[in-house]
Amino acid sequence: MLDPKVLRADPAAVAANLARRGFEFDAARFSAVDAERKSLQVEVEALRKQRNDSAKQIGIAKSRGDDAAPLLAAVKDLGESLDAASERLDAVQIELDDWLAGIPNILAADVPDGADEAANVEIRRWGAPRQFDFALADHVDVGERLGGLHFDAAAKISGARFAVLRGAVARLQRALVQFMLDMHTGEHGYEEVYVPFLVEPHALHGTGQLPKFAADLFRTDGDRELYLIPTAEVPVTNLVRDAILSSEDLPLRFVAHTPCFRSEAGSYGRDTRGLIRQHQFEKVELVQIVAPDHSSDALEALTGHAEAVLQRLELPYRVVALASGDVGFSAAKTYDLEVWLPGQAAYREISSCSNFTDFQARRMQARYREGGDKPALVHTLNGSGLAAGRTLVALLENYQQADGSVVIPDGLRDYVGGASVIRPPVE
RNA sequence: GGAGAGAUGGCUGAGUGGUCGAAAGCGCUCCCCUGCUAAGGGAGUAUACGUUAAUAGCGUAUCGAGGGUUCGAAUCCCUCUCUCUCCGCCA
């Protein structure tokens, strides 16, 4: 949610910024609706004051034993006009709120212009793609040869876009999760949290998935309106909902491992092979709650924390700054980490790190207080550190050997019982 | 799943229809006093929105949430949520 004060102060500037996303903000309509809201609010408050004053007079009269009848007669019709006015105010307020809830965040000044991901700007690369002297396989073939990846089994149980992992491959994914959690808690100063995987709509509204993106979510079918989390961002960021933190508590750094559930509506036909795009996947998520003037630096740091995982795993990757048309609804700025996948001969997204400035904080009413100052909104950030399923894909592809085995990178061996390689079962 | 109790400001806790945004205590801030990390005295101490140059005044709203009754609701009625206790069940 954008700051209504900013919208009022300079609607044209907001419109210009949002136009970079390809979002059309009707500044004139905003000014008109907001002006209507204002005049109705003034009217309602004046009527309420009149009513309050009268009620007070009646109370005083009655306590003195005076006749209150004339006073009562005087306010006879007040209720009706007040009801009518508040009804109109409520309607306008709801119209305004619904509209504001669907407006994306203001982009940071340094977000590159461009309509879509083709305009994303590469910031840096790390590592060099390995040269293979044999016919390389993609992660599906590598995983199936290892006996660790079963899409047919998953289809029998749950249909398309699910996977069953077995044996050493299942363990490898678990090892990746532990490894990432240990890095972030031990080296990067994050506190591990365990959170619900089912959340109520207000939590999704707080982080921006609702009301606009309901189609991307799985909703449970029960008396309670609950959704499967599409990312740990939702429950973890909402930890500070309705809170007034002390500035001494900031920054808060949380890391959580959760499964993520995405309906992938609208992505039929994309990445249908393999683990890249699933309805369910494991992810380690980094979340930071910071003071506003630190969020820009915090995004760089958080991105670095995610990069550190790829570096420790010795996986080549690049960092791209998302173009204005590709930045998500709630974010002001986003870096994607793209890992090299030999099977696709391409860099593919494995982490997305964003600064949401005060956009989510305003929706959640997450604030902090500096000394005796008035409470101010915090800034929120998050990033994958990393998506475990896609990291598994990257390992299988980058570390495959001619004989079908997969080498475990040094940094990960302690997490798989010291194993240095996963081999296919003997026929 | 069954039965009961409760939800008030940073905390404890009064308040069952009328100057209640809310007593008192604690905590916190400032000032005074005090020859020494004590005691005492005084003042202040919620949030949002509107108005405004103003984080000064003034107005409106908020006593778990939503609705209702009333000229007037923290107080009465209805619905919901959450917390606690006991029983049952379960990991």
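Just so it is clear: chains get the letters A, B, ... in the order the sequence lines come, proteins before strands, and each one is counted from 1.
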In whole angstroms, the gap separating C1' of B/G59 from CD of A/Q41 amounts to 11 Å
Using the C1' atom in both, what is the distance from B/G88 to B/G4, to the nearest Å? 15 Å
Between B/C71 and B/C86 - C1' atom distance, rounded Å: 46 Å
Can you tell me how far C1' of B/A48 sits from CZ of A/R363, to the nearest Å? 19 Å
Can you check whether A/F261 and A/F218 have ring centres sitting under 6.0 Å from each other? no
To the nearest angstrom, the CG-P distance between A/L40 and B/U51 comes to 13 Å
Cut-off 3.5 Å, side chains only: do A/N355 and A/S295 have a donor facing an acceptor? yes
Could you measure between the two C1' atoms, the one in B/A65 and the one in B/U81, and give it in whole Å? 7 Å
To the nearest angstrom, the OH-C1' distance between A/Y194 and B/A91 comes to 12 Å
Please state whether the base of B/G59 and the side chain of A/E45 form at least one donor-acceptor pair under 3.5 Å? yes
Between A/T357 and A/N105, is there a side-chain donor-acceptor contact under 3.5 Å, judged purely by atom types and distance? yes
Say we look at B/A5 and B/A43: how far apart would their C1' atoms be, to the nearest angstrom? 40 Å
Find every protein N or O atom lying less than 3.5 Å from an N or O atom of nucleotides 70-81 of chain B, and list the pairs.
residue	atom	partner	partner atom	Å
B/C71	N4	A/K62	NZ	3.4

For atom C1', what is the distance between B/U51 and B/C32, given to the nearest Å? 38 Å
Nearest atoms (heavy-atom pairs only) where A/S384 meets A/A306: O-CB, 3.4 Å
Tell me whether the centres of the aromatic rings in A/Y194 and A/H257 are closer together than 6.0 Å. no
Tell me, do A/K374 and A/R369 make a side-chain contact under 4.5 Å, heavy atoms counted? no
CA sep, side-chain torsions, deciding dist, call: A/Q278, A/E264, side-chain hydrogen bond (donor to acceptor under 3.5 Å, both in side chains): CA-CA 8 Å; A/Q278 299 269 288; A/E264 296 297 347; over 6 Å; no
Which whole-number value in Å describes the distance from A/L71 CG to B/U19 C1'? 14 Å
A/R367 side chain, from C-beta outward: closest of B/U47, B/A61, B/G50: B/U47
Could you give me the stems involving RNA chain B, meaning stretches of three or more consecutive Watson-Crick or G-U wobble pairs whose two defining distances are both below 3.5 Å? B:1-7 with B:81-87, B:10-12 with B:24-26, B:27-32 with B:40-45, B:46-51 with B:57-62, B:64-68 with B:76-80
Report the distance from atom CG of A/L96 to atom P of B/C49, rounded to the nearest whole Å. 14 Å
Checking all strands, does A/R362 fall into the base, sugar-phosphate, or nothing category for heavy-atom contacts under 4.0 angstrom? nothing
Considering only atom P, compute the distance from B/A46 to B/A38 and round it to an integer number of Å. 26 Å
Determine whether the aromatic ring centres of A/F213 and A/F329 lie less than 6.0 Å apart. yes
What is the distance, rounded to the nearest whole Å, between atom CZ of A/R241 and atom C1' of B/U47? 17 Å
Whole-Å distance, A/D249 CG to B/G10 P, equals 16 Å
Modelled atom types, side-chain donor and acceptor of A/S352 and A/D336, under 3.5 Å: yes
In whole Å, what separates the P atom of B/G15 from that of B/U75? 15 Å
Using heavy-atom distances to pick each residue's nearest nucleotide on RNA chain B, tell me which of A/R369 and A/R37 is more 5'. A/R369
Taking only N and O in the side chain of A/K5, is any of them less than 4.0 Å away from OP1 or OP2 of B/C49? yes
Can you confirm whether more than 12 heavy atoms, excluding those of A/E187, are under 6.0 Å from its CD atom? yes
Between B/U60 and B/A3, how far apart are the C1' atoms? Round to whole Å, please. 43 Å
I'd like to check A/Q209 versus A/T231 (side-chain heavy atoms, cut-off strictly below 4.5 Å). Are they in contact? yes
